[in-house]
Trainee: 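Following this message is one structure expressed as structure tokens.
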Amino acid sequence: MYEKLTELIATGDYKEALYEFQEEYLHIGEKEPKDAAKLCLLEASLWEALADSTAEYDAIARGIAYDGGNYELFYMLGLYYADINVNLSYLTLETALMYCDDENDSEVIKEAMRGLEQSRTLRVRKLSFMILSHNDLDLLKRCIDSIEKYVPKGAYEIVVVDNASTEDGVKEYLKEKAKSVSYRFKLILNDENAGFPKGCNIGSVCCDRNNDIFYLNNDAILTQNAVLFMRMGLYDNRNVGAVSALSNSASLQEVTPEELSGYAGEELGELWHRKLGVDRSVKIFESYAAAHSYPVKRAYIKRFRLTGFAMMLSREAVRCVAEDYKVFDERFSPGYFEDDDLGIRLARAGFIQYVCKNAFIYHNGGTGFAQNENAMTESRNKFIDKWGFDIWGYSLPWFEAADSVIDLYSKQKEGLRILDFTCGFGANASYIKSSCPDTFIAGVCANSFEAGIAGLIADDVAFGDVNTMRLPWAERSFDIVIAERKHVCIGQIMRYLKADGLFLSEKINNGNDEMMDIIKSNADAGFDSERLDKLLSE
């Protein structure tokens, strides 16, 4: 297949090769996925020869979307990254080797990896999967099977802490697994259920101290290349301390039921996976993941906390926030808010945290702590006692305002300058930038604590009295200002907004018709300059 195109590329007749490719590409939708991926591989080779790196990357990504197990595409991606980020190059070559079934090509890949291993900038470490187990034998088996299937051999160890499972067969399965596997499998059997934070800490201490650690729930199932793309996120730059994935069930990291409905062939609602059962739910989610798991240039959403069901931490981050390797604060036992607490500690230490938009992990979702119905309330109060604020007041973006920004961006198709007086820890910035990555977002925070965390997400931040402080940005320089008028005076807002800019605020019916007219005219057709100048002088 594609003999003519292959020959044209090999002989350097690139003009004719482009014509031939275009003819073949017209019918790519009719081809089997593996054949479509091969066409993308030839396309990538063509663009590489023509020195068009952007087109080459796009072709590789498109090919991997068709066939996530094509080793030649991952090999090309490894070569693409060789002089850009040696760590990403090594990870993609390692994946190419895992998928390669040709002995001669395997040697070529190994040689390329050996070359990278000589680089002093290579930081890639092996991975310790820390699994906290409690019952759910079938899901536990699927979890471990998915690791063995989708993670390169020799690149990981598994540490399992069983929290006093009572279901028949769980301990027996784990004991047999520990005896039979060829990789390092460490099993700790607790006499009692230690809860989530303490159970994870028991496992953390047993992990290889040279490894990164991946905390993975026993009811979580990896999809193809999820771990690769998460590790690529972890090694995106030296400031990244933790990464996580998108899921069908994970707080603030969910693929919506509406997005998944097309892969189910029916409309899905909340907790859809509980209604359909594990077998069908996993197939639906895997189908979605297969269509969306491919290299992406801007694949990361910056967050100030990640959900603990699947969280990968760098060795440096672990050592920084938990020198004794007790990563989670055990005051939050039996569970809840320990991941929020860890997120704040990581952010305070200066580590960036990513949600990887091209990594997908199925999560069946636990039933909580049945023996302690008040666990969430109790842990929430413990968090407030420790930090002096309620994390729930910072977690969600202002959806109405943020969605208006995204809508305007989609219409203008260009970057925007946004000033957010409601910045907090950067929830608005995180949400907006996940859809509009080339926007510039400046945040105004109430204090230095907020600014220290928000500064890892927003492009620039300032803190102080929002009404009296002089902000470090040029006046009349923002396309959009987000503010609550009950907290920020109109003069301060308008001082930094362009004459044709947009002011997004809460809806207040205070009878001040003049104020409402100014805001409406701003949104619709620009300011009445005389009325605005009068207002600013008051």
Side-chain angles (χ1 to χ4, degrees), residues 128-136 140 158-166 174 186-209 211-220 241-242 244 250-251 303-349 351 353 363 365-392 394-395 453:
S128 294
F129 285 89
M130 212 315 291
I131 301 173
L132 190 63
S133 165
H134 183 70
N135 297 331
D136 290 329
L140 174 62
I158 294 180
V159 176
V160 178
V161 176
D162 185 76
N163 249 343
S165 289
T166 56
L174 290 171
K186 177 71 173 178
L187 175 61
I188 302 99
L189 299 174
N190 287 342
D191 294 330
E192 60 181 10
N193 191 333
F196 187 87
K198 187 174 182 179
C200 286
N201 287 344
I202 291 170
S204 301
V205 172
C206 295
C207 292
D208 188 319
R209 297 295 175 97
N211 291 0
D212 302 321
I213 301 181
F214 190 170
Y215 295 95
L216 187 65
N217 277 19
N218 69 328
D219 61 349
S244 190
S251 174
R303 292 282 173 82
F304 63 84
R305 51 85 68 192
L306 301 172
T307 304
F309 88 103
M311 186 189 303
M312 188 184 295
L313 270 66
S314 71
R315 182 186 66 176
E316 289 77 14
V318 172
R319 291 181 175 182
C320 183
V321 302
E323 187 177 358
D324 58 0
Y325 267 61
K326 292 185 177 180
V327 174
F328 294 99
D329 190 335
E330 294 179 11
R331 80 180 68 191
F332 295 103
S333 294
Y336 297 121
F337 290 89
E338 70 284 329
D339 46 7
D340 299 276
D341 172 78
L342 177 59
I344 296 298
R345 286 156 51 209
L346 288 167
R348 294 279 290 167
F351 288 106
Q353 301 168 72
H363 183 213
T367 56
F369 303 98
Q371 296 179 345
N372 188 349
E373 297 179 356
N374 298 319
M376 180 173 288
T377 299
E378 292 170 357
S379 288
R380 183 182 180 188
N381 289 333
K382 290 174 185 176
F383 185 96
I384 294 171
D385 289 342
K386 177 177 180 177
W387 291 103
F389 63 89
D390 186 351
I391 191 68
W392 281 5
Y394 290 87
S395 297
I453 295 174

Trainee: If every non-hydrogen atom of D339 is compared with every non-hydrogen atom of L306, which pair is closest and at what distance?
Mentor: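 Closest approach of D339 to L306, heavy atoms only: CB-O, 3.4 Å.
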
Trainee: Quick one, T377 and Y336 - any side-chain contact, counting heavy atoms below 4.5 Å?
Mentor: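 No. Closest side-chain heavy atoms not under 4.5 Å.
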
Trainee: Go through the structure and list residues passing side chain to side chain contact (heavy atoms under 4.5 Å, CB included) with A220, not counting sequence neighbours.
Mentor: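 Here the qualifying residues are L216, N217, F309, I361.
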
Trainee: What pair of heavy atoms forms the shortest contact from A194 to G199, and how long is it?
Mentor: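 Heavy-atom minimum between the residues: CB-N, 4.2 Å.
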
Trainee: Using modelled atom types only, decide if a donor and an acceptor are shared between the side chain of S333 and the backbone of P197 within a distance under 3.5 Å.
Mentor: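 The answer is no, because no donor-acceptor pair under 3.5 Å joins these two groups.
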
Trainee: Taking the basic N atoms (NZ, or NE/NH1/NH2) and the acidic carboxylate oxygens, is any pair closer than 4.0 Å for R345 and D329?
Mentor: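 Answer for the salt bridge query: no.
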
Trainee: Between L132 and G195, what is the shortest heavy-atom contact and its length?
Mentor: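 Heavy-atom minimum between the residues: CD2-O, 3.9 Å.
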
Trainee: Of all the heavy-atom pairs spanning G203 and V159, show the shortest one and how long it is.
Mentor: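 For G203 versus V159, the nearest heavy atoms are O-CG1, 3.8 Å.
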
Trainee: Mind checking salt bridge (charged side-chain N to carboxylate O under 4.0 Å, His left out) for K326 and listing every partner two or more places apart, or none if nothing turns up?
Mentor: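 Per chain and number, K326 pairs via salt bridge (charged side-chain N to carboxylate O under 4.0 Å, His left out) with no residue.
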
Trainee: Sequence neighbours excluded, which residues qualify as side chain to side chain donor-acceptor pair (under 3.5 Å) partners of D208?
Mentor: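 Scan of D208 (side chain to side chain donor-acceptor pair (under 3.5 Å), adjacent residues dropped) gives none.
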
Trainee: Under the ring pair (Phe, Tyr, Trp, His ring centres under 6.0 Å) rule, collect the residues that match up with F351, sequence neighbours excluded.
Mentor: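 Ring pair (Phe, Tyr, Trp, His ring centres under 6.0 Å) check on F351 returns nothing, list empty.
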
Trainee: Y215 and S204: side-chain donor and acceptor closer than 3.5 Å?
Mentor: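 Per modelled atom types, Y215 and S204 side chains form a pair under 3.5 Å.
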
Trainee: Please report the shortest heavy-atom distance between S133 and N218, naming the atom on each side.
Mentor: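 Where S133 meets N218 most closely, the heavy atoms are CA-ND2, 3.9 Å.
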
Trainee: Just to verify, what does T307 make a side chain to side chain donor-acceptor pair (under 3.5 Å) with, not counting sequence neighbours?
Mentor: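 Applying side chain to side chain donor-acceptor pair (under 3.5 Å) to T307 gives Q253, R305.
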
Trainee: Is the shortest side-chain heavy-atom distance between E338 and F196 below 4.5 Å?
Mentor: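 The answer is yes, as the side chains (C-beta and beyond) meet within the 4.5 Å cut-off.
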
Trainee: Quick check on side-chain contact (heavy atoms from CB on, under 4.5 Å): which of D212, I213, L346, N211 does V318 satisfy it with?
Mentor: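 The option that passes is I213.
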
Trainee: Can you tell me if D219 uses its side chain to pair, donor with acceptor, with the backbone of G365 under 3.5 Å?
Mentor: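 At least one qualifying donor-acceptor pair exists.
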
Trainee: Provide the full list of side-chain hydrogen bond (donor to acceptor under 3.5 Å, both in side chains) pairs with a residue in residues 308-325, sequence neighbours left out, each pair given once.
Mentor: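 Qualifying pairs, neighbours excluded: R125-E316.
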
